[in-house]
Amino acid sequence: MEYKIPRGTFDILPADSAKWQQVMSAFRETAQAFGYAEITTPVFEQAELFERSSGESSDVVQKEMYRFQDRKGRWLALRPEGTAPVVRSYVENHLEAQGRLTKLYYIGPMFRYDRPQAGRYRQFYQYGAECIGSHHPYYDAEIIALQVAFLRKLGLQKIELEINSVGCPNCSKIYDEALENYFEPHKEELCGDCRTRLQTKPRRLLDCKVPSCKAIAKGAPVMTDYLDSDCREHFEQVKSYLDKMDISYKVNPRIVRGLDYYTHTAFEFLNPALGAQNAIGGGGRYDGLIAQIGGKDTPAVGIAGGFERLLLSLEQEGITVSRPYRPQAYLVLLGEAARESGIRLLGQLRLSGFSVQHDPEKDSFKAQLKAADSSQARFALIIGEDEVKAGTVTIKDLAAGTQMSLPIGGVAQFLALS
RNA sequence: GUGGGUGUAGUUCAAUUGGCAGAGCACCGGAUUGUGGUUCCGGGCGUUGUGGGUUCAAGUCCCAUCUCCCACCCCA
């Protein structure tokens, strides 16, 4: 084979397309029900947009971003995530002028140079929703509720929600200092990764899987103990709204988001049955991002999720989301005279929106009926010499085996009514 | 980026100590020329992922490389 698909990418083949479209439209419907409008941004942006917003030191920027120069030497990057582009567009197009609150959703491919694994690809498809313009804790809960509604619409049962608050930059700073003070004396016992983390992002030490680090991290200070009264109150309000919405959750003070821009609420949707790549979706509040990108200081909260893992979960729970495609009719033509009126009829029916199949390379009656059968069509439309003379079409119900004759002009109406 | 596994027909899988690359399913055609599904018959030279090496002989052994899978890592 001469050409191969690039590593970590995949084709969505015809057999799977219906499934993907079904899940995507389920998300669109849910987002629209919550008052979100669709936005589509380019798959590449100025590299700096991501470097600034996600954080220079984040793994996404450091080792996973597809970064390249175009022919004029501009540094561009395939988007590794969806929030920064949406915010860029929000600022650039002055969407704030549309009203106090802007609710946007998106669907599209994202790119990360990662080692491929089940549920992890280099081009993967994400959906997301961003609620820009309010600090109110209701919206933190609403964005979570949007994801919950989407999962329920698909019929997924086994997905768990964990939430946390990482506070405002102020609490965050004090907490990071507390962590550093706690880990510093244990420095020699930590793994190499964690020693560098201690300098750059002490919070990442909390979810290190190395047993010795784990043991030390066990006694580490807990984020939620370091929230100031405003941050604590905001978190309490979010939880209370979730309770009002009948959404169950677990508070997990160790949730750490990979991107730098998160403040206050952070959350993750997990499917424990999925293996290593078990995060179905995640998000949180990012009150500082819009100002950082050059807009007015505007609070916002958002969520993103991955379709691949969603589809894996659906499969695992035995949920089928799409019906296979079936044409309404298969056109069987016998002889040259039939071909003329038959091809004309085929065109008319398709123009009217009926799905009709035909294969001019099969000429025996038997072969054509066989093809009609395996096409799963409901009816065979048969035109032979007799029908041409009479100006009729013989319509055979392939499941029942019954057939009837109709004038050629009445076929469209027949299909419309059946 | 690290470690482990894997790769044979469209697909799911066989192939003895190195000894002629096979089967089910799918697909195509046919069984007196205008009636399908069932049945029967016929149809397979495929760079055994790729490139080297060992050997009289390699799907099988060795080296390299790629893919996918699993874990680390990272995340959605």
Side-chain angles (χ1 to χ4, degrees), chain A residues 1-2 4-10 13 15 54 58-65 79-83 107-129 147 159 191-194 197 201 204 207-211 255-259 266-271 274-284 302-313 330 332-335 338 359 361-377 379-388 394-403:
Chain A
M1 214 157 311
E2 200 167 354
K4 277 206 276 192
I5 194 167
R7 180 164 154 88
T9 65
F10 57 93
L13 298 172
S54 300
S58 66
D59 282 340
V60 167
V61 167
Q62 286 265 300
K63 16 186 224 196
E64 295 171 7
M65 200 159 74
R79 60 180 181 197
E81 59 105 25
T83 299
I107 286 177
M110 306 292 161
F111 307 83
R112 289 186 198 175
Y113 189 89
D114 227 350
R115 182 117 172 212
Q117 201 177 317
R120 187 167 79 185
Y121 300 92
R122 290 184 175 176
Q123 172 170 339
F124 56 102
Y125 293 83
Q126 273 197 354
Y127 58 89
Q147 166 84 341
I159 290 175
C191 71
D193 282 347
C194 282
R197 284 178 185 137
K201 266 191 203 175
R204 295 233 75 103
D207 52 12
C208 183
K209 303 258 165 37
V210 177
I255 290 183
V256 180
R257 306 263 70 221
L259 309 174
F267 55 87
E268 254 170 35
F269 286 86
L270 305 169
N271 182 351
L274 228 45
Q277 306 305 319
N278 63 355
I280 292 290
I303 177 154
F307 284 111
E308 292 81 6
R309 294 176 193 179
L310 213 52
L311 257 14
L312 281 176
S313 304
Y330 189 99
V332 175
L333 300 178
L334 296 159
D359 181 354
E361 291 190 294
K362 294 197 195 313
D363 28 46
S364 83
F365 194 17
K366 196 164 257 185
Q368 292 194 66
L369 266 185
K370 218 171 202 173
D373 188 55
S374 63
S375 79
Q376 303 259 59
F379 301 104
L381 308 178
I382 303 167
I383 305 178
E385 280 170 36
D386 300 347
E387 285 84 357
V388 171
T394 298
I395 299 180
K396 183 180 177 85
D397 182 320
L398 287 165
T402 56
Q403 60 186 51

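Residue numbers begin at 1 in each chain, while the letters A, B, ... track the order of the sequences.
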Euclidean distance for [atom1], [N] against [M] (whole angstrom):
N      : M      : atom1 : result
G4(B)  : C40(B) : C1'   : 50 Å
U54(B) : C61(B) : C1'   : 8 Å
A57(B) : A23(B) : C1'   : 26 Å

Base, sugar-phosphate, or nothing: which does [X] touch, judged by heavy atoms less than 4.0 Å apart?
X       : value
G384(A) : base
I280(A) : sugar-phosphate
G82(A)  : nothing
G119(A) : base
G401(A) : base
A118(A) : sugar-phosphate
E268(A) : nothing
F307(A) : nothing
E385(A) : base

Counterpart residues, salt bridge (Lys or Arg N to Asp or Glu O under 4.0 Å), relative to D359(A) (two or more places apart):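 Partners of D359(A) by the salt bridge (Lys or Arg N to Asp or Glu O under 4.0 Å) criterion, ordered by chain and then number, come out as K362(A).
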For atom [atom1] of [X] and atom [atom2] of [N], their distance in whole Å:
X       : N      : atom1 : atom2 : result
F365(A) : U33(B) : CZ    : P     : 12 Å
D59(A)  : C75(B) : CG    : P     : 5 Å
E64(A)  : G1(B)  : CD    : P     : 12 Å
D397(A) : G36(B) : CG    : C1'   : 12 Å
K396(A) : G37(B) : NZ    : P     : 11 Å
Q117(A) : C73(B) : CD    : P     : 10 Å
R122(A) : U67(B) : CZ    : P     : 7 Å
F267(A) : C75(B) : CZ    : C1'   : 15 Å

T394(A) versus E387(A), side-chain donor and acceptor atoms under 3.5 Å: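 Yes - a donor-acceptor pair under 3.5 Å links their side chains.
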Across all strands, who's sitting opposite [N] as a Watson-Crick or G-U wobble pair, both distances under 3.5 Å?
N      : result
G22(B) : C13(B)
A64(B) : U50(B)
G42(B) : C28(B)

Any N or O donor-acceptor pair under 3.5 Å from the base of [N] to the side chain of [X]?
X       : N      : result
Q62(A)  : G1(B)  : no
R120(A) : C73(B) : yes
K366(A) : U35(B) : no

So, E308(A) side chain and Y125(A) main chain: donor-acceptor pair closer than 3.5 Å or not? yes
Every protein N/O within reach of nucleotides 4-9 of chain B N/O, cut-off under 3.5 Å:
none

So do the side chains of [X] and [Y] get within less than 4.5 Å of each other, counting heavy atoms only?
X       : Y       : answer
F379(A) : D397(A) : yes
R309(A) : L274(A) : yes
I280(A) : Q147(A) : yes
Y330(A) : K396(A) : no
R112(A) : K63(A)  : no

With a cut-off of less than 4.0 Å, is there a side-chain N or O of Q368(A) near OP1 or OP2 of U35(B)?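 For U35(B), neither OP1 nor OP2 has a side-chain N or O of Q368(A) closer than 4.0 Å.
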It should be established whether R7(A) places a side-chain nitrogen or oxygen under 4.0 Å from OP1 or OP2 of nucleotide U67(B).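 So the side chain of R7(A) is within the cut-off, an N or O lying under 4.0 Å from OP1 or OP2 of U67(B).
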